[in-house]
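In what follows, chains carry the letters A, B, and so on, assigned in the order in which the sequence lines appear, proteins first and then strands, with residues in each chain numbered from 1. Note that the structure is predicted; figures quoted are calculated from it, not measured.
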Amino acid sequence: MLKFILRRIGASALVLLGASLLMFFLTINSGDPLKDLRESNDPNREQLMAERSERLRLDDSPWERYWDWLSGVGGCFTGNCDLGVTINGIDVLGLTQQAASSTLRLITLSTLLAIVVGVALGILTAIRQYSGFDYTVTFGAFLFFSLPVFWAATLLKEFAAIQYNNWIAVGQYAPWTIVLVAALAGFLLQAVLGGSTRRRLATAAGVFAFVAVMLFVFNALDWWRNPMFGIGGVLLVSAAAGVLVTALTAGLRNRRVLYAALTTAVVGVIAYWFTAPLLVDEPTWLLLIGLFVVAVVVSVAIGAAWGGYARKQAMLVTGITGVITSFVVVADILIAHWSDFLGLKSRPISTIGSQTPNFDGEFWERVLDMGTQILLPTILPTLVSVATHSRYTRSSMLETLNQDYVRTARSKGLSEREVIVKHAFRNALIPITTIVAFDFAALIGGAIITEEVFGWTGMGALFQDGLNAVDPAPVMAFFLVTGIAAVLMNLLADIAYAALDPRIRR
Amino acid sequence: MKIRRLSAAVAVAATGALLFSACTSPAGSDDPADGESTASSAEADGPCKADIGEVETADGEIKVSVEDEFLGYNSLTPETYSTYNSAVTERLISTFYYFGVDGTICPDESYGTYKALSEDPLQVEYTLNDEAAWSDGVPVTYADYMLDWAARAITTDGEVTEDGTEKPLFNHIDGLSLGDYVPEGPQADSVDAKTFTYDYERVYADWKIHSYPPFPAHIVAEQAGVSTEELVTAIQDRDMAVLEKAAKFWNEGWLSQPGQVPDPAITPVTGPYNFKADGWEAGQYITLEANPEYWGTPAATKELTFRFVGADAQIQALANGDLDVIQPNGPTVDTVTQLEQLGDAVSVDTDQGLTWEHLDFNFGSGVFSESLEAREAFAHCVPRQKIVDDLIKPIAPEATIMNAREVFPFQDGYEELVEGSYDGRYDEADLDAAKEKFEAAGLEEGEEIRIGYAAPNPRRAAQVEAIKSSCDQVGFEIVDAAAPDFFDKALPNGDYEVAMFAWAGSGQIASGENIYSTPGTQNYGGYSDETVDEAWKTLASSTDEAVHTEQLVIIEKQLWDTLYGIPLFAHPGVIASSSDLQNVRNTATQNGVMWNAEQWARAAS
């Protein structure tokens with residue numbers, strides 16, 4: 001395995017080297033760096049042109065410039081990176097760090113979301129093939145896949161930002177909106193859950209009633225402006241998550257695992273009760289990460305303690321439950337801070353920027369601010385990726401479901417859950433891994449547009465400004481980051497193959 | 001005028017041209033525009049800043065869009081020189097004058113005054129306000145202007161420039177222009193004098209806009225390891241040991257890494273605003289806060305935030321309150337429609353700016369080079385009014401055809417100038433007249449005319465189409481010869497019959513000399529006319545405004561009669577602001593809407 005990885009890294013390095021050479025020459029030949037000066041009639045135009053030629057080293061041979069760039073990059077291995085300076089005399093290394101951190105934040109989040117949502121939708125549509133739900137998701141997938149990002153961004157800003165902000169100023173649903181939302185929820189859920197007509201009707205009616213009542217209660221409580229969740233809610237959601245995870249992985253009949261999951265949820269909530277003063281006031285990121293690690297370790301330990309014969313499974317389930325519980329706790333704290341946040345920022349969702357200028361809230365309000373700022377630019381690439389992921393998962397899943405061994409599994413009396421999760425899904429994941437890895441690199445490229453429309457300066461701006469000025473340093477920095485990200489993701493995909501497919505493990 | 005397109009995010013290029021160095025230059029296509037005051041507490045009468053009376057700085061923040069990252073305190077190096085950077089630094093550092101909304105030179109009397117003591121030889125006396133001081137308490141004095149002069153006069157050889165073509169020691173965007181005209185440098189009694197004079201070696205018609213905002217000499221001196229007095233002496237004696245250190249700091253010491261607010265110890269300011277500690281987030285925004293040490297009328301609102309946002313995202317950001325004032329680059333009909341749909345929540349102002357579009361003939365080769373009749377035939381068939389009606393009026397309804405080259409339709413003296421130079425014969429397409437001239441020129445049906453411009457540019461493509469549908473009826477065969485490298489290749493090689501581009505506004509009186517006289521560096525078509533040359537010489541060597549006006553009529557008339565080219569229109573521009581803001585006022589100049597940002601105030605609600 002190690003040999004395989006090393007060989008892959010070696011090959012990737014060569015590819016990167018060749019590509020960087022190509023990229024460098026393409027960039028410096030992509031236009032005329034003196035264009036604006038040629039169009040100028042400044043008395044000292046010649047001086048300015050000479051100055052810029054010297055600054056950009058236009059008179060040196062391209063090979064020499066490439067070599068100097070390459071040795072600057074080579075310096076990264078010895079600790080003194082030099083990625084050059086931009087046409088504005090700004091150090092590219094610093095710029096790249098800033099840009100990469102903001103872009104990767106965006107991309108990582110939307111990739112994770114897209115994987116979870118896309119794969120889940122894919123599996124569900126495959127199981128309910130040719131159902132109304134399947135057709136709806138298929139329609140949605142094709143719609144989102146063909147969305148022009150620019151246009152979708154404009155719509156998103158209009159409805160999810162401007163209109164939402166107008167609405168949250170009051171925070172009350174009109175009765176007909178409630179009815180509509182409840183009806184929609186009822187329709188969707190019955191489509192997903194399926195069953196006989198009667199069962200479907202019952203599901204739809206139940207969901208409709210529940211959602212409608214909830215929304216009316218929310219209205220009455222002014223919940224959207226002063227939301228609260230409470231420790232009871234945390235317990236409920238975490239426990240439900242524990243049950244769900246158990247149901248999916250081990251089956252509810254495996255009581256040991258089920259109890260382990262429930263114990264994790266309860267322990268998590270008790271821990272929340274005790275650490276609340278630490279968490280709610282003015283925590284630091286370090287503290288949060290530390291607590292998170294502790295939570296995961298404790299959860300896994302609970303699994304190990306409860307596990308017995310199903311130890312491994314129990315540890316997995318409690319680990320996942322622990323992670324979910326941690327997130328629910330954070331969500332609870334954030335929800336509790338929402339009304340304060342609204343007081344600081346009356347229009348919570350912005351259309352531009354990665355943070356509100358000069359925002360001076362407490363820790364959790366700042367987190368909320370970053371969250372509301374990242375919301376729209378994340379949704380957009382997520383939608384597009386969800387469309388691809390769900391389609392690929394669906395077809396891959398359908399293919400495995402029709403295999404003989406799945407029929408064998410069914411015929412020997414395995415439960416549907418085991419057939420799908422253990423036998424079909426795992427095999428279906430193999431081709432999806434490749435798609436996800438490629439998609440990550442594509443997303444960085446696609447982020448250029450997303451960043452532009454949401455005023456989110458990152459790698460895209462670096463690339464675009466550099467290219468417009470025929471300034472190789474920032475373009476090459478963009479290439480380095482995206483190239484390395486692509487190579488790394490493909491490597492990860494290869495390793496994931498090995499984990500998923502025993503035939504590859506050698 | 002120098003142009004720098006930093007964010008060409010918007011493919012339609014920006015005129016990143018700044019007026020204070022003001023010559024002219026061909027711009028991509030679009031740029032800010034001018035206008036009248038929006039909802040304002042004090043109606044402005046005249047192009048300069050309105051007198052808004054006593055001002056007390058109110059708490060609050062106003063957010064305005066600029067389209068690219070802030071680069072550094074020193075906006076006058078080739079690296080940092082852009083409209084976007086100057087939008088910030090002009091709030092920080094005061095100078096003797098600013099441009100009013102129509103390009104009028106307005107003195108900033110709270111900073112100082114200046115006047116010509118004698119006209120020939122030209123001697124200009126500058127007097128700084130006694131209270132004028134850097135925010136660290138050091139007064140603005142002669143020493144700062146000595147440094148300014150050194151930055152625009154001294155060559156790498158340690159000499160004062162002979163003709164402005166040597167390699168300058170300081171990396172100043174203006175080159176060595178000041179040393180070229182004022183080789184002796186500013187004269188004063190002492191280093192800390194508040195009054196000094198420039199003795200011009202020869203008459204300079206644009207002396208009124210020859211001063212630049214100065215940089216703090218005491219900081220540069222400190223960085224070079226000497227006292228301010230020693231720095232002034234070093235400049236006078238051309239002591240290169242000191243000057244090289246000073247120049248190095250001047251060139252590089254004020255560059256900033258994005259997100260790191262410059263050290264206040266090396267960036268004192270003299271304007272109504274100062275940097276705000278921690279007020280800069282890379283790629284996002286930079287916030288300025290009112291400068292408590294400012295001696296003039298204080299800023300009306302405490303904080304001014306520049307958010308770095310592309311034109312496409314600005315309108316919705318305004319609607320959502322993420323921005324309070326926007327000036328989208330390269331506005332289209334859609335821009336205006338979208339803004340109008342926002343209703344009463346925003347005030348929109350459209351107008352024409354100081355960038356103007358024109359068609360220039362190629363006098364070097366081709367059918368137009370020899371024959372005036374051929375040029376007249378073409379001029380008669382160009383549907384100028386239709387182009388303005390179809391392409392410009394939807395954006396700026398009050399737009400008109402531009403019938404002069406050196407004065408804009410919204411400026412004083414335009415009517416008189418046009419009256420004396422042009423009779424209106426080319427306003428509308430006149431195909432009969434065009435055909436007559438076409439035959440008189442002895443042209444044959446299907447004469448190929450290449451109209452060249454820098455691609456891509458949708459509006460110019462539409463203009464060529466309009467011209468084609470009209471002129472092809474006369475017998476011309478119009479060819480759209482757009483190319484991305486038009487300025488690089490086709491224009492210098494003369495591979496065109498008609499060139500279409502824009503000159504970005506001019507605050508200078510004599511800058512047109514380069515364009516219309518022989519052999520002007522900007523006279524791409526190779527036009528040559530003795531009357532025009534003579535008139536420019538007279539104009540450029542006088543500081544008398546009556547002479548300027550008189551010569552301009554001669555020049556414009558001759559340019560119309562011999563058809564140097566055909567002016568079309570001034571580019572439209574749009575600003576918009578939330579309705580609760582007062583004193584936001586559009587301007588035709590490239591300083592942009594934030595030219596009077598210190599007067600902006602939020603109405604008490």
Side-chain angles (χ1 to χ4, degrees), chain A residues 31-32 34-48 50-52 55 85-91 94-95 98-99 102 150 153-154 157-158 161-162 165-166 346-347 349-358 451-458 460-462 464-465 467-469, chain B residues 1-9 16 21 23-26 61 63 68-69 71 78-80 164-165 167-168 171 173-177 252 255 257-259 276 279 281-285 287 303 305 307-310 312-313 316-317 319-323 484-485 487-488 511 514-515 521-522:
Chain A
D32 178 10
L34 300 176
K35 181 166 180 285
D36 54 331
L37 291 175
R38 280 191 218 284
E39 296 173 25
S40 148
N41 81 328
D42 227 296
N44 61 336
R45 183 172 77 145
E46 297 303 322
Q47 274 171 0
L48 292 173
E51 189 274 337
R52 188 179 300 172
R55 184 147 44 96
V85 293
T86 68
I87 196 165
N88 303 116
I90 295 169
D91 179 34
L95 273 187
Q98 282 159 351
S102 77
F150 249 98
T154 308
K157 287 188 198 177
E158 176 64 27
I162 299 172
N165 289 336
N166 292 342
S346 57
R347 296 182 70 84
I349 313 265
S350 298
T351 58
I352 50 166
S354 58
Q355 73 232 82
T356 308
N358 309 304
E451 284 172 8
E452 166 86 28
V453 286
F454 288 107
W456 184 291
T457 316
L462 195 69
Q464 211 173 17
D465 290 354
L467 200 58
N468 283 328
Chain B
M1 171 154 306
K2 292 124 200 162
I3 267 201
R4 165 85 48 88
R5 244 153 280 150
L6 277 175
S7 144
S21 81
C23 314
T24 54
S25 95
E61 181 187 24
K63 288 164 287 194
D68 215 330
E69 181 72 273
L71 297 167
E79 286 96 335
T80 54
T165 57
K167 193 166 162 41
N171 218 351
I173 193 73
D174 194 37
L176 298 166
S177 77
E252 296 164 11
L255 268 178
Q257 190 69 22
K276 182 187 173 186
E281 194 62 45
Q284 295 291 313
Y285 64 88
T287 300
E303 292 190 349
T305 295
R307 299 189 79 167
F308 313 129
V309 189
D312 301 308
Q316 285 184 306
N320 197 32
D322 302 326
L323 288 170
D485 54 2
F487 280 96
D488 193 11
S511 62
N514 273 340
I515 305 175
T521 48
Q522 223 60 19

Q) Which residues pass the salt bridge (Lys or Arg N to Asp or Glu O under 4.0 Å) test with B:Glu252, sequence neighbours left out? A) B:Lys248
Q: Under 4.5 Å heavy-atom distance to chain A, tell me which part of B:Asn171 shows up: side chain, backbone, both or neither.
A: side chain
(Q) Looking at B:Glu79 and A:Arg55, is any side-chain nitrogen of the basic one under 4.0 Å from a carboxylate oxygen of the acidic one? (A) yes
Q) How many angstroms lie between atom CD of B:Glu69 and atom CD of A:Gln98, to the nearest 0.5 angstrom? A) 7.5 Å
Q: State, to 0.1 Å, how close B:Pro258 and A:Ile90 come at their nearest heavy-atom pair, and which atoms those are.
A: CD-CG2, 3.5 Å
Q) What's the shortest heavy-atom distance between B:Gly310 and A:Glu452, and which atoms? A) CA-OE2, 4.3 Å
Q | Rounded distance [0.5 Å steps], OG1 in A:Thr356 versus OH in B:Tyr285 | A | 8.5 Å
Q.
Between B:Asp322 (side chain only) and A:Ser350 (backbone N and O only), is there a donor and an acceptor less than 3.5 Å apart?
A. no
Q.
Under a 3.5 Å distance rule, please check whether B:Asn320 uses its side chain to pair with a backbone N or O of A:Ile349 as donor and acceptor.
A. yes
Q.
Which one wins on heavy-atom pair count under 4.5 Å against chain B: A:Ser346, A:Gly353, A:Ala153?
A. A:Gly353
Q | Side-chain heavy atoms of B:Asp312 within contact of A:Thr154, under 4.5 Å | A | no
Q) Side chains of A:Leu34 and B:Asp488: does their closest heavy-atom pair fall under 4.5 Å? A) no
Q. With B:Leu255, which residues qualify under side-chain contact (heavy atoms from CB on, under 4.5 Å), at least two apart?
A. B:Thr80
Q.
Would B:Glu61 and A:Asn358 count as a side-chain hydrogen bond (donor to acceptor under 3.5 Å, both in side chains) here? Give the steps.
A. CA-CA 9 Å; B:Glu61 181 187 24; A:Asn358 309 304; 3.0 Å; yes
Q | Minimum-distance pair of heavy atoms, taken over all atoms of A:Gln47 and B:Leu176 | A | NE2-CD1, 3.9 Å
Q: Under 4.5 Å heavy-atom distance to chain A, tell me which part of B:Gln316 shows up: side chain, backbone, both or neither.
A: both
Q | Top of A:Ala50, A:Ala461, A:Ser354 for chain B proximity - count of heavy-atom pairs under 4.5 angstrom | A | A:Ser354
Q: Would you name the heavy atoms of A:Thr351 and B:Ala317 that are closest together and state the gap between them?
A: OG1-CA, 3.2 Å
